[in-house]
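Per chain, numbering begins at 1; letters A, B, ... match sequence-line order.
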2 protein chains.
Amino acid sequence: MAKLETNINAQPEIEALFFALGEKQRRHIFFSLMDGEKTVKQLAEPLNITLTGLGQHIKILEAAKLVRTEKVGRERICSVNPEGLATMENFAKLHRNLWSSRFSALRKIVEAH
Amino acid sequence: MAKLETNINAQPEIEALFFALGEKQRRHIFFSLMDGEKTVKQLAEPLNITLTGLGQHIKILEAAKLVRTEKVGRERICSVNPEGLATMENFAKLHRNLWSSRFSALRKIVEAH
DNA sequence: CCAATAGTCAAGTTTAAACTTAACTATGAT
DNA sequence: ATCATAGTTAAGTTTAAACTTGACTATTGG
């Protein structure tokens with residue numbers, strides 16, 4: 001029987017997702033967008049950060065598919081991309097199932113002795 | 001109508017979870033434990049890191065309820081704590097639902113015009 | 001057309017957090 | 001009893017990544 005590939009972590013999709021949400025400011029940005037779309041300017045103001053700094057966070061959130069953006073005139077409109085959260089939910093589900101099936105397999109072995 | 005509290009992020013539970021998995025080495029440690037429990041030594045070796053360094057990661061993973069540990073003799077046995085993944089799954093589910101309900105509410109407003 | 005606004009890019013600085021060292025404790029093996 | 005192994009603690013170093021600056025482009029409003 002082939003060894004199950006648990007290191008889903010190797011997937012760049014998952015890497016990008018956890019890296020993006022691993023930072024406090026980016027979590028703030030993401031949650032702020034949950035309330036509705038905003039421009040880079042609108043996101044930057046309450047965080048006390050430069051437009052450049054905010055733009056860098058947005059790129060990382062976009063790469064993680066947590067945020068989508070669209071240039072409208074001279075503004076960039078940012079909104080939630082549901083794909084990231086879906087990926088996260090699937091990831092958590094899959095690994096909880098993997099873990100519990102292994103755990104119960106282990107219990108059987110222990111109980112047999 | 002009171003403003004819905006979307007900043008679940010303020011919850012230290014969620015903060016700890018994303019902070020913990022935001023780091024590559026800690027993701028490796030976590031996935032490694034998915035295959036079965038290991039000592040601090042066993043975890044440190046393949047990562048080319050000191051025992052001290054590994055111990056620091058383990059504390060962070062424990063705080064996030066992703067890992068549990070138990071001191072057995074002179075060794076510390078580390079294993080997956082399913083609570084962290086459960087929290088993550090609930091988080092992703094909740095926010096996907098929140099987002100999609102807001103999104104469809106927005107669609108209705110737009111369509112009405 | 002001109003000034004203000006919104007954002008971007010390349011390059012550098014700053015800071016948080018990852019990591020190490022060295023000294024120590026506790027357990028296990030011979 | 002003593003030596004090796006496993007881990008811990010406090011303190012310091014290193015590094016990755018967050019952040020800024022200054023110069024630039026593109027859009028918009030007067």
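Residue A:His28 contributes atom NE2, which lies 14 Å from atom P of D:dA18 at whole-angstrom precision. As a whole-Å value, the separation of B:Asn48 CG from C:dC19 P is 11 Å. In this structure, B:Leu47 atom CG and C:dT20 atom C1' are separated by 16 Å, rounded to whole Å. One interatomic measurement links the two molecules: NE2 of B:His57 to P of D:dT8, which rounds to 14 Å at whole-angstrom precision.
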N/O contacts under 3.5 Å, protein versus nucleotides 13-17 of chain D?
none

Considering only nitrogen or oxygen atoms on both sides, find all protein atoms under 3.5 Å from nucleotides 6-12 of chain C and state each distance.
| residue | atom | partner | partner atom | Å |
| --- | --- | --- | --- | --- |
| C:dA6 | OP2 | A:Lys41 | NZ | 3.0 |
| C:dG7 | OP1 | A:Val40 | N | 3.2 |
| C:dG7 | OP1 | A:Arg76 | N | 3.2 |
| C:dG7 | OP2 | A:Lys41 | N | 2.7 |
| C:dT8 | OP1 | A:Arg76 | NE | 2.6 |
| C:dT8 | OP1 | A:Arg76 | NH2 | 3.1 |
| C:dC9 | N4 | A:Thr52 | OG1 | 2.9 |

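Screening A:Asn81, A:Leu61, A:Val80 for a side chain to side chain contact (heavy atoms under 4.5 Å, CB included) involving A:Leu33 leaves a single residue, A:Val80. A:Glu89 pairs with exactly one of B:Met88, B:Arg96, B:His95 by the side chain to side chain contact (heavy atoms under 4.5 Å, CB included) rule, that one being B:Arg96.
In this structure, the side chain of B:Gln11 does not engage the main chain of B:Ile14 through any donor-acceptor pair within 3.5 Å. Between the side chain of A:Glu23 and the backbone N or O of A:Gln25, at least one donor-acceptor pair lies under 3.5 Å. With A:Arg26 contributing its side chain and A:Ala20 its backbone, the two residues share a donor-acceptor pair below 3.5 Å. With hydrogens and angles ignored, the 3.5 Å screen pairs a side-chain donor or acceptor of B:Ser101 with a backbone N or O of B:Asn97.
No more than 12 heavy-atom neighbours from other residues, nucleotides or ligands sit within 6.0 angstrom of NZ on B:Lys65.
Between A:Phe30 and A:Leu85, the closest side-chain pair of non-hydrogen atoms falls below 4.5 Å. Within the 4.5 Å cutoff, the side chain of B:Leu94 has heavy atoms near those of the B:Leu98 side chain.
Residue-level contact check: A:Leu54 touches neither bases nor backbone, having no heavy atom under 4.0 Å from any strand.
Between B:Phe18 and A:Phe18, the two ring planes are tilted [angle within 30° to 60°].
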Q: Would you check, one step at a time, whether the test side chain to side chain contact (heavy atoms under 4.5 Å, CB included) holds for A:Glu13 with A:Thr87?
A: CA-CA 8 Å; A:Glu13 205 180 16; A:Thr87 301; 3.8 Å; yes

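Scanning residues 61-70 of chain A for heavy-atom distances under 4.0 Å to DNA chain C yields an empty list.
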